[in-house]
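Because only heavy atoms are used, hydrogens play no part in the values below, and waters and symmetry mates are left out as well, while side chains stay in. In each ligand, atom 1 is the first atom listed, and ligand 1 is the first ligand listed.
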Amino acid sequence: MLVKFYGTRGSVPVAGSDYNRYGGNTTSLQILSKTIIDDRALIVDAGTGIVPLGKKLLREGASGADLLFTHFHHDHTQGLLLCPATFKQDFRFECFGPEEHGIGPYQMLNTIMKPPFHPVDYSLVSHHFRCKGIPNPNAHVLVMHPDRDAGIRLMKIDEFTLAENKHPAQVEIRGGKYPISECMVIRMIRTHHPEKAISYRFEERTTGRVFVFMTDHENTDAVSLDMARHLQGADVLVIDCQYTRAAYDRYTANFGHGTPDYCVRLANETGVRELCLTHHDPLSTDEDVDNILEEARVAARNCGYTGNIRALADFDEIEI
Ligand SMILES: [Zn+2]
Ligand SMILES: [Zn+2]
């Protein structure tokens with residue numbers, strides 16, 4: 001599996017010479033895998049990074065994308081407003097995201113794409129979007145198979161577990177039956193954030209590789225059993241590390257974001273092999289992000305975490 005990052009900034013996009021190395025686009029990433037239909041893309045979040053990503057997908061002739069929203073804060077949605085694929089009528093978007101207080105991906109898009117806030121009303125493009133809200137992420141799983149007739153399916157986790165324990169282990173997607181060993185299995189958990197966000201765990205069953213994306217998640221005192229299971233043995237964990245510990249202690253507690261000491265502790269306790277920091281603060285210059293990375297490396301030495309640690313930049317790629 002290959003993960004390409006098109007936006008690694010949090011909160012608002014930034015530009016200028018202070019951000020040359022890490023970049024200024026907000027969250028958007030593409031996951032490439034043989035478990036995904038050839039000409040479709042698997043994307044997490046639609047921050048401003050989805051603008052160059054969408055441009056690339058159209059250039060490559062992609063027919064559509066499965067778009068998983070972590071949550072609907074602007075830094076994770078606003079790129080879709082000007083993503084070229086949004087206006088390509090035969091580009092099929094299938095959107096998934098949390099559903100809370102009756103608001104899921106459909107209601108979100110219908111709200112943000114509306115005059116006077118945006119020149120194009122969502123109803124003018126909605127025919128090539130399909131949206132599905134996930135009220136209880138922990139109780140569901142997304143399963144993908146690369147067969148042209150399959151694609152992606154949201155299913156109850158108990159139904160999936162039952163199927164997984166049968167011989168042969170198969171899932172039903174759009175009427176066809178497919179071996180789970182050929183699938184991408186995407187598990188979900190809620191993060192600790194003002195708006196409950198979803199962290200996605202991608203299990204590429206063909207290779208056994210595991211990638212966890214967990215942004216917009218704030219330090220917690222204890223590691224819950226659910227969280228430990230969600231992160232257990234991940235080859236790569238990409239996690240929100242917006243603030244230094246000092247800034248957090250001074251004024252950013254309860255803002256919904258993490259610190260280096262916490263991210264390292266979490267990775268260490270759950271056996272994560274590589275730790276990548278993301279959701280950089282818009283006020284953080286390249287040097288500030290370097291300092292956060294250094295703070296994480298010091299924390300790793302203190303607790304004995306030996307995995308690789310890096311701070312992600314826009315357009316970074318990770319082979320997992
Ligand atoms: Zn955010
Ligand atoms: Zn957020």
Side-chain angles (χ1 to χ4, degrees), residues 3 5-15 19 22-31 43-53 67-83 95-101 103-105 107-109 111-112 117 133-135 137-138 188-201 212-220 227 230 237-244 247-248 251-260 262-263 266 275-285 288-289 292 311-316:
V3 185
F5 296 85
Y6 289 86
T8 55
R9 190 66 52 175
S11 308
V12 287
V14 288
Y19 313 103
Y22 289 101
N25 277 332
T26 60
T27 306
S28 189
L29 51 140
Q30 182 187 11
I31 294 125
I43 300 172
V44 180
D45 276 345
T48 59
I50 203 170
V51 177
L53 169 55
L67 173 51
L68 317 182
F69 287 99
T70 58
H71 63 315
F72 306 138
H73 282 161
H74 291 307
D75 51 326
H76 301 260
T77 61
Q78 68 180 172
L80 209 51
L81 297 174
L82 286 170
C83 172
C95 302
F96 297 88
E99 186 176 311
E100 239 184 347
H101 317 298
I103 300 196
Q107 290 78 5
M108 177 273 290
L109 288 167
T111 305
I112 68 169
F117 309 111
I134 308 171
N138 300 45
M188 295 170 273
I189 189 175
R190 290 188 157 193
T191 72
H192 181 45
H193 195 59
E195 244 53 64
K196 298 289 183 206
I198 300 178
S199 165
Y200 293 96
R201 173 186 169 102
V212 179
F213 184 71
M214 189 158 70
T215 193
D216 296 66
H217 172 63
E218 177 164 350
N219 299 5
T220 54
M227 181 62 77
H230 187 71
L237 166 65
V238 171
I239 191 168
D240 182 321
C241 191
Q242 185 159 345
Y243 303 123
T244 62
Y248 183 84
Y251 65 96
T252 66
N254 287 329
F255 284 15
H257 304 287
T259 64
Y262 170 75
C263 295
L266 201 56
L275 179 65
C276 302
L277 313 179
T278 191
H279 210 274
H280 310 309
D281 193 88
L283 298 176
S284 287
T285 63
D288 293 329
V289 178
I292 285 179
L312 290 176
D314 292 3
F315 306 107
D316 270 355

Exercise. Going through the distances and angles, do Phe315 and Tyr6 end up as a ring pair (Phe, Tyr, Trp, His ring centres under 6.0 Å)?
Worked result: CA-CA 5 Å; Phe315 306 107; Tyr6 289 86; 5.7 Å; yes

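The closest donor-acceptor contact from the side chain of Asn25 to the backbone of Gly7 lies at 3.5 Å or more, if one exists at all. Panel note: side chain His193, backbone Gly256; a donor-acceptor pair is recorded below 3.5 Å. Using a distance-only test at 3.5 Å, with no hydrogens or angles considered, a donor-acceptor pair links the side chain of Asp281 to the main chain of Leu283.
Residues meeting the salt bridge (charged side-chain N to carboxylate O under 4.0 Å, His left out) test with Glu195, sequence neighbours left out: none.
In this structure, CD in Gln242 is found 10.0 Å from NE2 in His280, a value given to the nearest 0.5 Å.
Note on the Zn ion (ligand 2): protein N/O/S atoms under 2.8 Å are His71 NE2, His73 ND1, His193 NE2, Asp216 OD2.
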